[in-house]
Amino acid sequence: MIQIETQKKLLILVITYGLLSCTTESIRFELQSSHSKCIAEELKVNSMTVGKYSVINPNEDIPLPDFHKVTVRVTSSNGNTYHHGDKVPSGKFAFMTVEAGDYMACFSAPDHQPPITSTIDFEWKTGVAAKDWSSVAKKGQVDLMELELKKMYDTVISIQEEMFYLREREEEMQVLNKTTNNRMAWLSFLSLIVCLSVAGLQVWHLKTFFEKKKLI
């Protein structure tokens, strides 16, 4: 009995830690006419990411007017476009990243006079949180325990990938720090040489000046 309770606590701990290592961003924001707003998310290679957005209809009795619709574009730090919606009331995107870096989801509202404000709901999930586990359970006809084991396995894999990613970033930072220190050392040495040279020229100039004036 004690062993079962220990396993349950360990399972909860691993799942909780894994969910913390993933990203789930659900926000609601306002966007004025002719303005844009971008939301950034740092993603690593081979990371699953899904998102959905919708413009809140201020009047549910009629269809959403065109001047409330938004243009949405999701791009990587290298400028590659992964999703594009032109003047849409809502939309979804899902893709597997092939490059690491910051991904931007930019929302643009059309110009309108007088200016109006649209409210947008946006949800962005990455990693384990991006998987639809209810669909997995329904399609696979698995019981609750098996589903939890699948989630735990994916969580552990996600944690492992995150650790490798952080280790790579740490190695990159160490190389950058070493390179920066070497450059600063050479710059300091060069600055010292320049300062000594300028001081020597000043002494020579003053000595020549005093000799011409027959002061020394």
Side-chain angles (χ1 to χ4, degrees), residues 10 13-27 29 31 35-51 71-84 93-108 122-131 152-216:
L10 180 61
L13 179 62
V14 172
I15 292 177
T16 303
Y17 184 80
L19 292 177
L20 289 175
S21 68
C22 303
T23 302
T24 303
E25 185 175 358
S26 179
I27 59 174
F29 60 91
L31 186 63
H35 284 70
S36 298
K37 181 170 291 187
C38 294
I39 299 172
E41 184 69 33
E42 184 179 2
L43 302 176
K44 57 181 181 292
V45 180
N46 295 327
S47 176
M48 182 66 185
T49 180
V50 297
T71 298
V72 184
R73 187 182 297 272
V74 180
T75 58
S76 67
S77 56
N78 294 329
N80 298 320
T81 301
Y82 288 85
H83 173 76
H84 177 66
F93 61 85
F95 58 88
M96 185 74 71
T97 60
V98 296
E99 50 188 336
D102 290 333
Y103 285 73
M104 302 282 292
C106 293
F107 298 80
S108 301
F122 180 46
E123 185 177 7
W124 198 348
K125 298 180 179 180
T126 63
V128 178
K131 292 190 176 181
M152 184 176 66
Y153 174 77
D154 277 15
T155 298
V156 172
I157 296 299
S158 177
I159 295 173
Q160 184 182 27
E161 292 176 351
E162 186 71 19
M163 291 176 63
F164 287 148
Y165 175 69
L166 292 176
R167 183 180 299 175
E168 291 176 358
R169 292 294 299 271
E170 183 181 1
E171 290 176 355
E172 291 176 359
M173 290 299 297
Q174 289 179 354
V175 172
L176 179 61
N177 289 336
K178 185 177 180 180
T179 303
T180 303
N181 290 335
N182 291 337
R183 291 179 178 176
M184 289 299 298
W186 279 106
L187 181 61
S188 300
F189 179 75
L190 181 62
S191 300
L192 180 61
I193 295 299
V194 172
C195 291
L196 292 176
S197 299
V198 172
L201 288 174
Q202 288 178 339
V203 172
W204 175 80
H205 176 73
L206 291 174
K207 182 179 179 181
T208 304
F209 175 77
F210 290 142
E211 285 179 348
K212 287 182 178 180
K213 297 295 184 179
K214 296 181 180 180
L215 297 176
I216 58 175

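Bear in mind that the values here come from a model prediction, so they are computed numbers and not experimental data.
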Ring centres under 6.0 Å, that's the criterion: do Tyr103 and Tyr82 meet it?
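For Tyr103 and Tyr82, the ring centres are under 6.0 Å apart.
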Minimum heavy-atom distance between Thr97 and Ser47, given as atom pair plus value:
OG1-N, 2.9 Å
Nearest heavy-atom neighbours spanning Val45 and Glu99:
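What the structure gives for the nearest pair is CG2-C, 3.9 Å.
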So do Leu190 and Trp186 actually touch side chain to side chain, heavy atoms under 4.5 Å?
no
Kindly say whether [Y] contributes a backbone atom to a donor-acceptor pair with the side chain of [X] at under 3.5 angstrom?
X	Y	value
Ser188	Met184	yes
Thr75	Gly79	no
Thr126	Thr49	no

Once side chain to side chain donor-acceptor pair (under 3.5 Å) is applied, what residue pairs with a partner in residues 169-185 remain, sequence neighbours excluded?
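For residues 169-185: Glu42-Arg169, Tyr165-Arg169.
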Do Ile39 and Phe29 pass the side-chain contact (heavy atoms from CB on, under 4.5 Å) test, and can you show the C-alpha distance, the side-chain angles, and the key distance before you say yes or no?
CA-CA 11 Å; Ile39 299 172; Phe29 60 91; 3.9 Å; yes
Check the orientation of Phe93 and Trp124. Use parallel for under 30°, tilted for 30 to 60°, and perpendicular for over 60°.
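Aromatic pair Phe93/Trp124 classed perpendicular.
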We want to know whether Ser108 and Ser36 form a side-chain donor-acceptor pair, criterion being a heavy-atom distance below 3.5 angstrom.
yes
Looking at Lys44 and Glu168, is any side-chain nitrogen of the basic one under 4.0 Å from a carboxylate oxygen of the acidic one?
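The answer is no: the pair does not qualify as a salt bridge.
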Roughly how far, to the nearest 0.5 Å, is the CD1 atom of Ile27 from the NZ atom of Lys37?
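CD1 of Ile27 is found 8.0 Å from NZ of Lys37.
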